[in-house]
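Following: one structure in structure tokens, then a few remarks.
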Amino acid sequence: MTQNNLTQIYWLEGFTGVAHGKHIIPTEDLAEFLKKCNKTGLQVVGLKIGNPVQYLECILYANDSHIKQFGKTAQETWYFRH
């Protein structure tokens, strides 16, 4: 993952497009969260270190699986990386 210094988001290298954030998890739950995402077709494309640092915001690719599970997510959760 590469870091975007302006937003402190670590992006999956090569990812471009629309993704949704607001999936806040404790850092110790990251491995289990990633497993669940893989099982359901969700793709984590970015990580933002929270404040306090024991939390992460997982940013998920806005693919068909995301829409199926979460519906049309409000625009304030969007991230766009080009």
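- Of all the heavy atoms in Gly21 and Glu57, the pair that sits closest is CA-OE2, 3.2 Å.
- Tyr10 OH to Ile49 CD1: the interatomic distance, rounded to the nearest 0.5 Å, is 4.5 Å.
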**Report entry** Stepwise side-chain contact (heavy atoms from CB on, under 4.5 Å) test for Ile9 and Ile59
**Finding:** CA-CA 9 Å; Ile9 296 173; Ile59 302 168; 3.7 Å; yes

If you look only at distance, which donor and acceptor atoms sit under 3.5 Å apart when one is on a side chain in residues 30-46 and the other is two or more places apart or in another chain?
residue, atom, partner, partner atom, Å
Asn38, ND2, Leu34, O, 3.4
Thr40, OG1, Lys36, O, 3.0
Thr40, OG1, Cys37, O, 3.2

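- Note: Trp11 and Phe15 have parallel aromatic rings, judged against thresholds of 30 and 60 degrees for the angle between ring planes.
- Between Ile25 atom CD1 and Cys58 atom SG the span is 3.5 Å, to the nearest 0.5 Å.
- Lys48 NZ to Lys22 NZ: the interatomic distance, rounded to the nearest 0.5 Å, is 7.0 Å.
- Atoms CG and CD, on Leu60 and Gln69 in that order, are 9.0 Å from each other to the nearest 0.5 Å.
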